[in-house]
Protein chains: 2
Amino acid sequence: MIKVLLAEDQGMMRGALALLLGLEDDIEVVAQVSDGDDVVPAALRARPDVALLDIEMPGRSGLDAAAELRDRLPHCRVLILTTFGRPGYLRRAMEAGAYGFLVKDGPVEELAAAIRRVLAGERVIDPALAAAALSTGPSPLTDRERDVLAAAADGSTVADVAARLHLSESTVRNYLSSAIGKTGTRNRIEAARQARHNGWL
Amino acid sequence: MIKVLLAEDQGMMRGALALLLGLEDDIEVVAQVSDGDDVVPAALRARPDVALLDIEMPGRSGLDAAAELRDRLPHCRVLILTTFGRPGYLRRAMEAGAYGFLVKDGPVEELAAAIRRVLAGERVIDPALAAAALSTGPSPLTDRERDVLAAAADGSTVADVAARLHLSESTVRNYLSSAIGKTGTRNRIEAARQARHNGWL
DNA sequence: GGTTGGGCGGGACAAATGTCACTGGGCGCG
DNA sequence: CGCGCCCAGTGACATTTGTCCCGCCCAACC
């Protein structure tokens, strides 16, 4: 019996997946959480063989949770399941020690199959997505550029960002300018969109 | 047997829901589509009793599809199922003749129950959401303000928007300014976020 | 028939934004 | 050690953006 932990914030999706996986006779959902911060505690309690993690969740992201799981529960295989096949997400998932990366676009049948393959030690990655991740390359943004861009993406002014990050306004402007340059865009909005699209935020 | 049409672009979600509804012994999924433009043709072919529509889809939105379904297939009850409980979405769903409005956050059990209740002529709406929709009020934006804001939301410059909408730059600026004023925000980015959050776009 | 309100545009102006050049400090690396 | 890179900041500057005037046309409505 394969013990699975399911982390997904959308109630209906989580319920449906749990029900679905429960129908497989070699799979058992031993824990369900809807918050990224609950992943590790729940895993320590339930000791799953496979952790199925969404990336976008309240609390910490599935990627962060994956990294912590690798350290705290090494035998547990992590399978990332996400809405967005962003190149940077895949890259970060691999760096966090994930064994598989599925997008929610695919057919449901893939899911149980992926769980079995991951448990067998195989890596499960959409080839097209892997190619995109390699061709896009790693993020060209430095840590601070990423921070500043992320902080400015919601419509905050330069002054807001400067205050939030304890930087001077000039510095913030410089980082934004350089991020805009590196993303090949024309302003902070496009830069943020681009970075988000590539999973660089 | 209740015949259901399922419109949802995310493959895994659609598959899971279809499987789930298929388990109910009085429900049968007679059509599945992943594109908003396919809803009406599929409905005309399959003649469902209930149409379960996502809002955000490729092609036309679930709200537009709902409006057309009401005209073309009046006996078919529309149930909107969406990720985002935006007040404006609910309002527009009601105007489009929907009988129910569910958010994907809720438990799966709600779904089958909602389908049966909608078919019985009941309205299914989350009370908290209804209250929010009423307290937020209808969109204060005029049609043009909405168009301009939507066109500017992706990082386009004023010149871009003016060219795309065949307006002068002054006009675009004026509309943006007035949209910013009406949303009580400080710039176009916040205005767009706010409008999107309320379902005004 | 007059008034109102929306669509459309112009001009002027202050503020925010993006760019550039230049200065340092720290840190890793050949 | 020198070199490059990232971090942090400064000052100046052109451009863009947001605001507040103003005007005209047209349709709806009292």
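Here is how names work: the chains are called A, B, and so on, in the same order as the sequence lines, proteins then strands, and each is numbered from 1.
- A:Thr171 comes within 4.0 angstrom of a nucleotide base, judged by non-hydrogen atoms across all strands.
- The phosphate of D:dT19 (OP1 or OP2) has a side-chain N or O of B:Ser177 nearer than 4.0 angstrom.
- Atom-to-atom, CG of B:Asp160 to C1' of D:dT16 comes out at 12 Å; the value is rounded to the nearest Å.
- Contact annotation: A:Arg188 reaches the phosphate of C:dT17 (side-chain N/O to OP1 or OP2, under 4.0 Å).
- Using a 4.5 Å cut-off on side-chain heavy atoms (C-beta onward), A:Arg77 and A:Asp49 make no contact.
- Residue A:His166 contributes atom NE2, which lies 17 Å from atom P of D:dC7 at whole-angstrom precision.
- Residues B:Ser156 and B:Arg164 form a side-chain contact, since some pair of their non-hydrogen atoms from C-beta on lies under 4.5 Å apart.
- Ranking D:dC7, D:dT17, C:dG9 by closeness to the B:Val158 side chain, first place goes to D:dT17.
- For B:Asn174 and C:dC8, a side-chain-to-base donor-acceptor distance below 3.5 Å is absent, hydrogens and geometry of angles not being considered.
- Between A:Ile189 atom CD1 and D:dT17 atom C1' there is a gap of 10 Å when expressed in whole angstrom units.
- Note on A:Arg144: only backbone sugar-phosphate atoms sit closer than 4.0 angstrom, heavy atoms only; bases stay farther off.
- Contact check, A:Ser170 against D:dG11: no side-chain N or O comes under 4.0 Å of OP1 or OP2.
- Straight-line distance from the CD atom of B:Glu169 to the P atom of D:dT17: 9 Å, rounded to whole Å.
- Within 6.0 Å of atom CZ in B:Arg72, 12 or fewer heavy atoms from other residues, nucleotides or ligands are found, so the atom counts as exposed in its surroundings.
- The NZ-C1' distance, from B:Lys182 to D:dT19, rounds to 15 Å in whole Å.
- Atom CG in B:Asp147 sits roughly 9 Å away from atom P in C:dG7 (whole-Å rounding).
- Counting to the nearest Å, the C1' atom of C:dA16 and the CD atom of B:Glu190 are 13 Å from each other.
- Counting to the nearest Å, the P atom of C:dC13 and the CZ atom of B:Arg173 are 14 Å from each other.
- Residue B:Ile180 has its side chain nearest to D:dT19 when only D:dT19, C:dT19, C:dG10 are considered.
- No more than 12 heavy atoms of other residues, nucleotides or ligands sit less than 6.0 Å from atom CZ of A:Arg196.
- To the nearest 0.5 Å, the span separating CD1 on A:Ile125 from CD1 on A:Ile80 amounts to 11.0 Å.
- Nearest to the side chain of A:Thr142, among C:dG7, D:dC7, C:dT17, sits D:dC7.
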